[in-house]
Amino acid sequence: MQMGEEIVSGKAKSIFRTDDPELFVLHFRDDTSAFDGERVEQLADKGKVNNIFNAYIMEKLAAAGIPTHFVRRLSDTDSLVKKLDMIPVECVVRNYAAGSLCKRYGIDEGIKITPPTFEFFLKNDELHDPMINDSHIISFGWAEPEHIEAMKTLTIKVNSILKQLFLDSNMLLVDYKLEFGLSNGELTLGDEFSPDGCRIWDKTTRNKMDKDRFRQKLGNVIETYKEVAQRLGIDLN
Ligand code: ADP
Ligand code: UDP
């Protein structure tokens, strides 16, 4: 697989063309950002841990029938993915209250959310990813109505698969963000699933095991990501 020019350099990952116009290389860097890119630091090993973690989760999701962009892992920090036309919205499901939901509605952190909530946000750092609804997505042409429904269905299906996966290793999947795109008209899960884009708590102690360790300067960020991986049985070597 020949790696071509870099066409996207995001806050944490880069995308490179390949000799196949339908395939990209997704390169996971050590850059770690918070607050819409306001704070950026390098955390040794993060690219490798997230790439391997993401490969494991994407394979689990594909096995459970979720269409994903993941093709195969190429190296410690690179994966081959299908090229997607990304939909500029973030899909968030929450099982426990945390983060922006607590601030927005004055809800105490840690309350169990039944049934889990589903939210759309516009992917736009300059605007600080404002919350949007179906009506905005349709009226502003960010996605077709049938893709809105499919994003909801797939994101909630992912919850039933991953909630149990984490629970089996004594962890709570608190919330997570997914991004979708279109591949030959088919709605497909893109981007990544790693501790950077979700919240994971130890079930017993409720110790934070995700990017909140970086946001809240709790320390041991990558050591804790590695512990999550180890509990799930992911081989990081
Ligand atoms: P951010 O966009 O938040 O700065 P990243 O550093 O993760 O974050 O950037 C990766 C970029 O690649 C994002 O814009 C994401 O939407 C995009 N992307 C992820 N998967 C694909 C794909 N399969 N095809 C095209 N673009 C993708
Ligand atoms: N999230 C993300 N990228 C974003 C915004 C949110 O990965 O640009 C994830 C975040 O890690 C958490 C979930 O989506 O797992 C919900 O985030 P929230 O709305 O609480 O926002 P935050 O507290 O991160 O500002």
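Count residues from 1 along the sequence. We count ligands from 1, going down the list as the structure has it; atoms in each ligand are counted the same way. The basis for the numbers below is simple: all heavy atoms, side chains too, and nothing from hydrogens, waters or symmetry mates.
Counting only heavy atoms from C-beta outward, the side chains of Leu165 and Ile57 approach each other to under 4.5 Å. A heavy-atom distance below 4.5 Å is found between the side chains of Cys198 and Ile200.
Each of the atoms 20 (O), 23 (O) of ligand 2 lies under 4.0 Å from some heavy atom of Gly99. Short contacts between ligand 2 and Cys198, defined as distances under 4.0 Å to a heavy atom of the residue, involve ligand atoms 11 (O), 15 (O). Every atom of ligand 2 with a heavy atom of Arg94 under 4.0 Å away is listed here by number and element: 16 (C), 18 (P), 19 (O), 20 (O).
Of all protein heavy atoms, the one lying nearest to atom 18 (P) of ligand 2 is Ser100 OG, 3.3 Å. Looking only at heavy atoms of the protein, atom 3 (N) of ligand 2 is closest to Lys177 CE, 3.5 Å. Regarding atom 22 (P) of ligand 2, its nearest protein heavy-atom neighbour is Arg199 NH2, 3.6 Å. Nearest protein neighbour of atom 10 (C) of ligand 2, counting heavy atoms only, is Arg215 NH2, 3.5 Å.
Every heavy atom of Lys123 sits 4.0 Å or more from the atoms of ligand 2. Between Lys103 and ligand 2 there is no heavy-atom distance shorter than 4.0 Å.
Contacts between Glu90 and ligand 2, counted as non-hydrogen atom pairs separated by less than 4.0 Å, involve the side chain only. Contacts between Lys211 and ligand 2, counted as non-hydrogen atom pairs separated by less than 4.0 Å, are absent for every part of the residue. At a 4.0 Å heavy-atom cut-off, ligand 2 does not touch Glu119 at all.
Polar contact check, Asp36 against ligand 2: no nitrogen or oxygen pair lies under 3.5 Å apart.
Nearest residue to atom 13 (C) of ligand 2 from Asp175, Val93, Asp196, Asp129 is Asp175 (criterion: closest heavy atom).
A donor-acceptor distance shorter than 3.5 angstrom exists from the side chain of Asn95 to the backbone of Leu173, with no hydrogens or angles considered. Judged by distance alone, with hydrogens and angles left aside, the side-chain atoms of Ser169 form a donor-acceptor pair with the main-chain N or O of Arg231 at under 3.5 Å. Remark: the backbone N or O of Tyr96 is not paired with any side-chain donor or acceptor of Arg94 at under 3.5 angstrom. Between the side chain of Asp129 and the backbone N or O of Lys123, no donor-acceptor pair lies under 3.5 Å. In this structure, the side chain of Arg29 engages the main chain of Lys13 through a donor-acceptor pair within 3.5 Å.
Scanning all heavy atoms of the two residues, the minimum distance from Glu149 to Asp134 falls at OE2-OD2, 4.0 Å.
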Sub-3.5 Å pairs, protein N or O with ligand 1 N or O:
residue: ligand 1; atom: 2 (O); partner: Lys123; partner atom: NZ; Å: 2.9
residue: ligand 1; atom: 3 (O); partner: Lys11; partner atom: NZ; Å: 2.6
residue: ligand 1; atom: 3 (O); partner: Lys123; partner atom: NZ; Å: 3.2
residue: ligand 1; atom: 4 (O); partner: Lys11; partner atom: N; Å: 2.7
residue: ligand 1; atom: 4 (O); partner: Lys11; partner atom: NZ; Å: 3.1
residue: ligand 1; atom: 6 (O); partner: Lys11; partner atom: N; Å: 2.8
residue: ligand 1; atom: 6 (O); partner: Ala12; partner atom: N; Å: 2.6
residue: ligand 1; atom: 6 (O); partner: Lys13; partner atom: N; Å: 2.7
residue: ligand 1; atom: 6 (O); partner: Lys13; partner atom: O; Å: 3.4
residue: ligand 1; atom: 7 (O); partner: Lys13; partner atom: NZ; Å: 2.4
residue: ligand 1; atom: 16 (O); partner: Glu179; partner atom: OE1; Å: 2.8
residue: ligand 1; atom: 20 (N); partner: Asp191; partner atom: N; Å: 3.2
residue: ligand 1; atom: 23 (N); partner: His69; partner atom: ND1; Å: 2.8
residue: ligand 1; atom: 23 (N); partner: Lys82; partner atom: O; Å: 2.8
residue: ligand 1; atom: 24 (N); partner: Leu84; partner atom: N; Å: 3.1

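Within the structure, every pair that satisfies the ring-ring contact (aromatic ring centres under 6.0 Å, His included) test and touches residues 174-221, not counting sequence neighbours, is listed here: Tyr176-Phe193. For residues 14-65, no residue pair satisfies the ring-ring contact (aromatic ring centres under 6.0 Å, His included) rule, not counting sequence neighbours.
Every residue meeting the ring pair (Phe, Tyr, Trp, His ring centres under 6.0 Å) condition with Phe120, not counting sequence neighbours, appears here in chain and number order: Phe118.
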Intermediate values then yes/no, side chain to side chain contact (heavy atoms under 4.5 Å, CB included), Ile87 and Leu187: CA-CA 9 Å; Ile87 295 174; Leu187 190 79; 3.6 Å; yes

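Under 3.5 Å, the side chains of Thr77 and Asn51 contain no donor-acceptor pair of N or O atoms.
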